[in-house]
Undergrad: 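Input: one structure, supplied below.
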Amino acid sequence: MNETVQSKLGDYLYLAMGDCAGQKVVMGIGYTYEYADKKAKQFEEASQGTVKYIDISMVKTGDKVKCDTLKRI
């Protein structure tokens, strides 16, 4: 898993993924890694531990399959 990725804004979407009762869910989406990470952390806090933030999936804009998984910061 990569920790940071430098790309042109809009080339990729970053989907912050979490676990809710054994089901993988999207917690936040952003054009930057930092924004998706920030939104996932806010979601995790608001859920009071019901949803656990796992990692970030990186998807090339226009594709349907993730191209990488990034660690949460």
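Every heavy atom of this structure was used, including side-chain atoms; hydrogens, water molecules and symmetry mates were not. Computed from a prediction, not measured in an experiment: that's the story for all the values here.
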Undergrad: Nearest 0.5 angstrom please: Leu13 CG to Lys60 NZ, how far?
TA: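 Answer rounded to 0.5 Å: 10.5 Å.
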
Undergrad: Looking at Lys66, is its backbone amide N or carbonyl O close enough to the side chain of Ser57 to form a donor-acceptor pair, meaning the two atoms are under 3.5 Å apart?
TA: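 No, Ser57 side chain to Lys66 backbone: no donor-acceptor pair under 3.5 Å.
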
Undergrad: Is there side-chain contact between Tyr35 and Lys39, with heavy atoms separated by less than 4.5 Å?
TA: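 Yes, their side chains come closer than 4.5 Å.
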
Undergrad: Show your working on side chain to side chain contact (heavy atoms under 4.5 Å, CB included) between Tyr12 and Val59 and close with a plain yes or no.
TA: CA-CA 6 Å; Tyr12 293 94; Val59 179; over 6 Å; no

Undergrad: Could you report the tightest heavy-atom contact between Val26 and Met17, atom names first, then the distance?
TA: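 Smallest heavy-atom distance, with atoms named: CG2-SD, 3.8 Å.
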
Undergrad: At what distance, to the nearest 0.5 angstrom, does SG of Cys67 lie from CE of Met58?
TA: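 Going from SG on Cys67 over to CE on Met58, the span is 4.0 Å.
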
Undergrad: To the closest 0.5 Å, what do you measure between CG (Asp55) and CG (Asp37)?
TA: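 So the gap between those two atoms works out to 11.0 Å.
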
Undergrad: Could you pull out the closest heavy-atom pair between Ala36 and Ile56, with the gap in Å?
TA: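 In this case the closest contact between Ala36 and Ile56 is CB-CD1, 4.2 Å.
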
Undergrad: Ser47 and Val51: which non-hydrogen atoms are nearest, and at how many Å?
TA: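 Looks like OG-N, 3.1 Å.
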
Undergrad: Are Val65 and Ile29 joined in one hydrophobic group, where the rule is that I, L, V, M, F, W and Y side chains link up if heavy atoms are under 4.5 Å apart?
TA: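 They do not share one cluster, since no chain of ILVMFWY contacts under 4.5 Å joins Val65 to Ile29.
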
Undergrad: Over all heavy atoms of both residues, which pair between Tyr33 and Tyr14 is shortest? Give the atoms and the distance, please.
TA: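 Nearest heavy atoms, Tyr33 then Tyr14: N-CD1, 3.7 Å.
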
Undergrad: State the CD-NZ distance between Glu34 and Lys38, to the nearest 0.5 angstrom.
TA: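 Reported to 0.5 Å precision, the distance equals 11.0 Å.
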
Undergrad: For Glu45, is the CD atom crowded, meaning more than 12 foreign heavy atoms sit under 6.0 Å from it?
TA: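 Open: at most 12 neighbouring heavy atoms sit under 6.0 Å from CD of Glu45.
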
Undergrad: Side chains of Asp19 and Tyr53: donor-acceptor distance under 3.5 Å anywhere?
TA: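 No.
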
Undergrad: Surrounding NZ of Lys41 (heavy atoms of other residues, nucleotides or ligands, distance under 6.0 Å), is the total greater than 12?
TA: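 Enclosed: over 12 neighbouring heavy atoms sit under 6.0 Å from NZ of Lys41.
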
Undergrad: Measure the spacing between NZ of Lys24 and CD1 of Ile54 and express it to the nearest 0.5 Å.
TA: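 Here the interatomic distance stands at 5.5 Å.
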
